[in-house]
Amino acid sequence: MALEAIKYNNGKLEVLDQTLLPVITRYIHVQGVEDGWKVINKMQVRGAPAIAMVGCLSLAVELKNDNYSEKSSVRREIEGKMNYLISARPTAVNIKIAAEQLIKLANKLYRDDSINVENMVSEILRSIDNMFKKDIDDNRAIGDFGADEILKNIVDNNLVRVLTHCNTGSLATTGYGTALGVVRSLHSRRKLEQVYCTETRPYNQGARLTAYELVHENIPGTLICDDMVAALMKSRKINAVIVGADRVAANGDTANKIGTYQIAILAKYHEVPFYVAAPRTSIDFDIIAGDKIPIEERPEREMTHLNDQRIAAKGIQCWNPAFDVTPADLITGIITEVGVINPKDLKQLVSTDQQ
Ligand code: MRU
């Protein structure tokens, strides 16, 4: 059974508390937008697609369980609450794009006189439900395009060794995963020799979450510390690096978990192809270049403590950015649900309603 970060059924939302993994499996009952904001902000759920989905579903819980008599109040709720949810974590763009979609739909339904308030609410709920299903379909497509891309350079039917960073699997999405979806796809084709996953300090998404998913699914995985990447690339042939994205700028520069940038530099030096796997909802065409992407800074306690245990000298100052930006020049390709794109050519993905 695949791990389920998010469970939603008919107005009931539960989120797997990822701060307790891999030791304890406990779900949190999310009763509305206020709870949704908290679980996202505390990183009990994390990963750009999962953040967007939990935000939208926490709104769905309220829409499903409250009674509305006016279409104008439904429209106001959607706009106000989605804009509030975006503030829980500023770097991942998927929730902003989901918010824009829902607000646009709410405005359209509000203006349509043939639609009453009940129909308006059920249309919005249906749209959120579709986002959930689409995320899994997109991830499977990303997995297949990514596996094809990596295997096209492999001769003699050899197996591949890949490296990934942070967690981009079932726990970071509604299921299957993006970069980890590519790994899953390679494994299911029996083409994966080994996936190396970095520990991903300071929050340890690699050691706690990716390693957990790999063990859970019997995928051959090896954990390394973040400072072992150069040694790994020098001593063992790595066929590709595959990471996720929190926000891709229009010029292809990509914000992802802190440490991604240094891995990309090492990949360039060691001539290892470096791929970003992300759905089109991770691309922000409103941001022209990576230096304009807002980078979240997290509390220093996430660096100085492991659970309640202090591991850094008391009194030391800390800098704890949660993400960094990898320039497009270091990215071999962006693996999306519609194919692998050169980061410099993202414009071809702008859909007509975004132009
Ligand atoms: O801080 P996190 O754990 O939310 O960061 C997650 C990442 O950086 C992932 O690589 C990214 O969100 C893509 S998840 C499919």
Side-chain angles (χ1 to χ4, degrees), residues 3 5-6 15-19 21 39-55 86 88-98 134-136 138-143 146 163-184 197-213 226 241-248 254-264 274-284 290 293-299 302-303 320-326 331 334-337:
L3 295 167
I6 307 165
V15 166
L16 180 58
D17 186 348
Q18 297 188 28
T19 60
L21 289 176
V39 292
I40 294 169
N41 179 261
K42 286 196 212 160
M43 290 175 71
Q44 288 168 307
V45 64
R46 26 66 50 205
I51 290 170
M53 215 50 251
V54 168
I86 290 173
R89 293 206 60 202
T91 302
V93 74
N94 310 52
I95 189 163
K96 178 182 149 246
I97 289 179
K134 185 173 183 307
D135 189 51
I136 299 193
D138 286 353
N139 290 345
R140 288 189 182 277
I142 288 170
L163 168 71
T164 191
H165 185 55
C166 194
N167 173 266
T168 58
S170 294
L171 295 170
T173 60
T174 55
Y176 202 73
T178 56
L180 214 57
V182 177
V183 171
R184 251 183 246 287
C197 65
T198 54
E199 205 177 16
T200 319
R201 280 277 295 147
Y203 189 75
N204 291 314
Q205 289 93 329
R208 294 189 307 105
L209 308 176
T210 301
Y212 182 62
E213 288 201 36
D226 299 344
V241 175
I242 324 159
V243 298
D246 286 86
R247 192 184 298 231
V248 181
T254 296
N256 190 49
K257 179 51 52 195
I258 191 74
T260 303
Y261 175 38
Q262 65 194 21
I263 297 175
F274 181 96
Y275 292 100
V276 169
R280 286 176 297 168
T281 47
S282 299
I283 304 172
D284 188 349
I293 298 176
I295 299 294
E296 174 187 10
E297 292 197 12
R298 301 283 306 171
E302 286 175 10
M303 284 172 70
N320 186 14
F323 303 97
D324 57 25
V325 174
T326 300
I331 300 171
I334 300 196
I335 306 164
T336 73
E337 69 277 26

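Just so it is clear, the values below take in all heavy atoms, side chains as well, and ignore hydrogens, waters and symmetry mates. Indexing begins at 1, ligand by ligand and atom by atom, following the structure's order. Since the structure is predicted, the reported quantities are computational estimates derived from the model, not experimental observations.
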Non-hydrogen atoms of Arg89 and Ala322 that approach each other most closely
NH2-CB, 4.3 Å
Identify, with sequence neighbours excluded, every residue that meets side-chain hydrogen bond (donor to acceptor under 3.5 Å, both in side chains) alongside Glu302.
Arg298
Present, as a list of atom pairs with distances to 0.1 Å, all nitrogen or oxygen contacts under 3.5 Å between ligand 1 and the protein.
unit_1, atom_1, unit_2, atom_2, d
ligand 1, 1 (O), Arg89, NH1, 3.4
ligand 1, 1 (O), Arg89, NH2, 2.9
ligand 1, 1 (O), Lys257, NZ, 2.8
ligand 1, 3 (O), Arg46, NE, 2.8
ligand 1, 3 (O), Arg46, NH2, 3.2
ligand 1, 3 (O), Gln205, NE2, 2.8
ligand 1, 4 (O), Gly47, N, 2.9
ligand 1, 4 (O), Arg89, NH1, 2.9
ligand 1, 8 (O), Asp246, OD1, 2.7
ligand 1, 8 (O), Asn256, OD1, 3.1
ligand 1, 8 (O), Lys257, N, 3.3
ligand 1, 10 (O), Asn256, OD1, 2.6
ligand 1, 12 (O), Ala48, N, 2.8
ligand 1, 12 (O), Asp246, OD1, 3.3
ligand 1, 12 (O), Asp246, OD2, 2.9

Worked verdict on Lys96 versus Asp284 for salt bridge (Lys or Arg N to Asp or Glu O under 4.0 Å)
CA-CA 9 Å; Lys96 178 182 149 246; Asp284 188 349; 3.4 Å; yes
Please list, chain by chain and in numerical order, all residues satisfying side-chain hydrogen bond (donor to acceptor under 3.5 Å, both in side chains) with Asn256, sequence neighbours excluded.
Thr260
Sequence neighbours excluded, which residues qualify as side-chain hydrogen bond (donor to acceptor under 3.5 Å, both in side chains) partners of Asp226?
none
Closer than 3.5 angstrom, by distance alone: can the side chain of Thr336 be matched with the main-chain N or O of Pro279 as a donor-acceptor pair?
no
